[in-house]
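Below is one structure; the comments refer to it alone.
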Amino acid sequence: MKQKTYLNVITIILLLYILINVSPLFLILINSFKPVREITTNPYGLPLNPTLFNYDLLLGWSYKTVGISFDAPPLLPSLLITIKVSSLCVVLSLILGLMAAYGLSRYRIGGNFLPFWFLSLLFAPPIVFAFPLYLMYRKLGLLDSTIGLVGANLTFNLPFAIWIFYSYLSGTSEEIEEAALIDGANSWIIFWKIITPIMRPIVIAVGALTFIFVWNEYLFSTILMNLSKTLTIALGGYNTGQLILYTSIAAGIIIDIIPPILILIFFEKYLVTGLSFGAVKG
Amino acid sequence: MPYKRRKREGVIYVAPAVVVLFFLTIYPIIYFIYLSFFEIKGWDLSKASFTGLTNYIKVLTDPLFLKSLQFTSLYTCLALLIELPVGLLLAFFLNELVESKRKTVKPFTILILLPILLPGVATAMMFSLMLNDLIGIIPHLIELIFKVKISLLSEAVTATLVLIVVDAWQWAPFFFLLIYAGFRMVPRDIIDAACIDGAGRWQILAYISLPMVKYMITVALVLRGIWLFRSFDVPKLLTGGGPGISTRTVSLQIYEYSFKEGLIGIAAAATFVVFILVNIVVLIYYKYIMTHREEVL
């Protein structure tokens, strides 16, 4: 095959793949702008009477009725809880993770054992922690609390942050820091003035990924949050079998995927390094 | 080595994370292992009675649990079998385009990676809408092409296939991501030298690029394997483990034990079995990356 035809063929194959990737999202997007009843007459085409009704329905504060007996629970309270939990989790994972990675890689605290422990936490199925945490939270009154859910999410996200920061730091030179130490600088100053700045790109990557991981989390929220539902729980609670809810569910899906997509677009470079670095190094 | 002489100072940095993770993981797990030796009815822990290893024997002989282990393993293997070649081809093709200096490839990466970052719940709900028997587009397309009307989620075989395809749709790009990163690291002059010696592009792929991304492929397989093994959200929302129990994963089975049936002791024993299984894999994997990662990076 000639070089030019060859390149054209693979470009077409890649474009076809991208079409498969994007078309389900496109279908859901156009359906989210249809009036409730249009879905049965026009399930695949562009909306004939575009409307924002579905978004209004979901983002209002109170229950609204779609049809005679079908209710769509509002998503706004869930949206706020999810933003709160995700942001708190990002802040805690970054601070605790950076500190721990610094201690592990520079002071060699815990030798080989601690890094292995963090790696094994990273791989443990969340179901392993979910019920033990449920029992513990029930005793402590932490069920349905933001802080409880943040804690549960830390069981994965904190080891993730530590592991990536640790691998990254282990590959950097200690010379500047040692010189500073000998000159009498205090390690806290070194941590903030030398370590944190060189880690900036990887910190952004881990922060963005942690936000997405917590945003997407489902298992812990199902088990630990009964009354205050996160976005994924609220969305997962809709019955997809009811045609009358079809367009509202479509709008819910779009609301749920906007933040991850925005993060992908704005932080693409960081995410790609973060994901591949994290995986390859650990 | 000034750092080594000040070990006590280093403990301050590691301590907060270790304390937090101790209370969130070690303590609850030990408590749960303790519970696995008791018979507990409902959620009332005060009525627990010691039963020794009975819960473990019950779990390991429970056909439901064994069936869920079997299904999860099958699902994991089949999904990896699709995701690896798809990801590999995507990575190879995009790498060829980049090497040929075409300018239009930049948005390709984002568009290929898109599904990875979507919430599993959103993916499950999306496919659930598209599989709707009355107006879903997938049954509609199948009817157009094959002239048959089928309800994909009501047969064990097709429901399993749906789960595998949905997982491949979302996660094949992960293989692409790692393998592509690996391809980009293959030194240009080695490939140029092979070209001068008359090697074709498939020979270069088979004898130079593939061996160099072997590490990436292993890493991707292990990570995805472990993630697939814990699948919960997509199977729960898309098939609910059904029809019957045909697509019930291990995580769903443990969820059934505890929340649906209130068998806490049994759930604890099952959890511990899974925990051990995963940790054996992690231990082997840890040894592998520790010995291999230096030679690649």
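Just so you know, these numbers use all the heavy atoms, side chains as well, and skip hydrogens, waters and symmetry mates. Lettering of chains follows the sequences in order, A, B, ..., and the numbering in each one begins at 1.
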With chain A as the partner, which of B:T218, B:L90, B:L89 has the greatest number of non-hydrogen pairs under 4.5 Å? B:L90
Side chain to side chain donor-acceptor pair (under 3.5 Å) against A:E177, all qualifying residues, sequence neighbours excluded: A:R106, B:Y3
Given heavy-atom pairs under 4.5 angstrom as the criterion, report whether the side chain, backbone, both or neither of A:K269 touches chain B. neither
Once side-chain hydrogen bond (donor to acceptor under 3.5 Å, both in side chains) is applied, what residue pairs with a partner in residues 13-33 of chain B remain, sequence neighbours excluded? A:S187-B:Y13
For A:A208 and A:I263, work out which heavy atoms get closest and say how close. CB-CG2, 3.7 Å
Contact class of A:L219 relative to chain B, heavy atoms under 4.5 angstrom: both
With ring centroids as reference points, do A:F220 and A:Y137 lie under 6.0 angstrom apart? no
With a 4.5 angstrom heavy-atom cut-off, is it the side chain or the backbone of A:I18 that approaches chain B, or both, or neither? side chain
Does any heavy atom of chain A fall under 4.5 Å from the side chain of B:V20, the backbone, both, or neither of them? side chain
Select, from B:D233, B:V250, B:L94, the one with the greatest count of heavy-atom pairs under 4.5 Å involving chain A. B:D233
Audit row: A:Y134, B:F259, ring pair (Phe, Tyr, Trp, His ring centres under 6.0 Å) steps and yes/no: CA-CA 11 Å; A:Y134 177 84; B:F259 267 97; 5.2 Å; yes
Heavy-atom side-chain contact between B:F174 and B:W227 under 4.5 Å: yes
Name the region of A:S93, side chain, backbone, both or neither, that has any atom closer than 4.5 Å to a heavy atom of chain B. neither
Under 4.5 Å from any heavy atom of chain A - which part of B:L237: side chain
Please flag which part of B:I12 lies under 4.5 Å from any non-hydrogen atom of chain A: side chain, backbone, both or neither. backbone
Of the listed residues (A:I253, A:L104, A:L231, A:L96), which shares the most heavy-atom pairs with chain B below a 4.5 Å separation? A:I253
Between A:L121 and chain B, which part of the residue has a heavy atom less than 4.5 Å away: side chain, backbone, both or neither? side chain
A:I212 portion near chain B, given a 4.5 angstrom heavy-atom threshold: side chain
Quick check for you: among B:V18, B:T123, B:D133, B:V274, which has the greatest number of heavy-atom pairs under 4.5 Å with chain A? B:V18
Please tell me whether B:F32 and A:F129 form a close aromatic pair, meaning their ring centres lie under 6.0 Å apart. no
Would you say the side-chain atoms of A:S78 pair up with the backbone N or O of A:K229, donor to acceptor, closer than 3.5 Å? yes
Can a donor-acceptor pair be found, under 3.5 Å and without considering hydrogens, that links the side chain of A:N21 to the backbone of B:L111? yes
Given heavy-atom pairs under 4.5 angstrom as the criterion, report whether the side chain, backbone, both or neither of B:I226 touches chain A. side chain
So CG of A:N216 and CG of B:L117: to nearest 0.5 Å the spacing works out to 7.5 Å
Quick check on A:L133 against chain B: is it the side chain, the backbone, both or neither that has a heavy atom closer than 4.5 Å? both
Chain B contact via A:I190 - side chain, backbone, both or neither, heavy atoms under 4.5 Å: side chain
Under 4.5 Å heavy-atom distance to chain B, tell me which part of A:P125 shows up: side chain, backbone, both or neither. both
Only pairs of heavy atoms separated by less than 4.5 Å count here; which of B:L24, B:L134, B:V11 has the most with chain A? B:L24
Stepwise ring pair (Phe, Tyr, Trp, His ring centres under 6.0 Å) check, B:F92 with B:W202: CA-CA 10 Å; B:F92 175 67; B:W202 298 106; 5.2 Å; yes
Assert yes or no for the condition that the ring centre distance of B:Y285 to A:F123 is strictly below 6.0 Å. yes
Side chain, backbone, both or neither: which part of B:I33 has a heavy atom under 4.5 Å from chain A? neither
Would you mind checking which part of A:I39 comes under 4.5 Å of any heavy atom in chain B, side chain (CB onward), backbone (N, CA, C, O), both or neither? both
So which residue, B:A220, B:P173, B:A172, B:S251, ends up with the most heavy-atom pairs under 4.5 Å with chain A? B:S251
Search all heavy atoms of A:I109 against all heavy atoms of A:L114 and return the closest pair with its distance. O-CD1, 3.9 Å
Hey, mind stepping through B:W169 and B:F127 against side chain to side chain contact (heavy atoms under 4.5 Å, CB included) and telling me if it holds? CA-CA 11 Å; B:W169 179 83; B:F127 278 92; 3.7 Å; yes
Which region of B:V281, side chain (C-beta onward) or backbone (N, CA, C, O), has a non-hydrogen atom less than 4.5 Å from a non-hydrogen atom of chain A, or is it both or neither? neither
Proximity breakdown for A:L27 and chain B, heavy-atom pairs closer than 4.5 Å: side chain
Chain A contact via B:V278 - which portion, at a heavy-atom distance below 4.5 Å: side chain
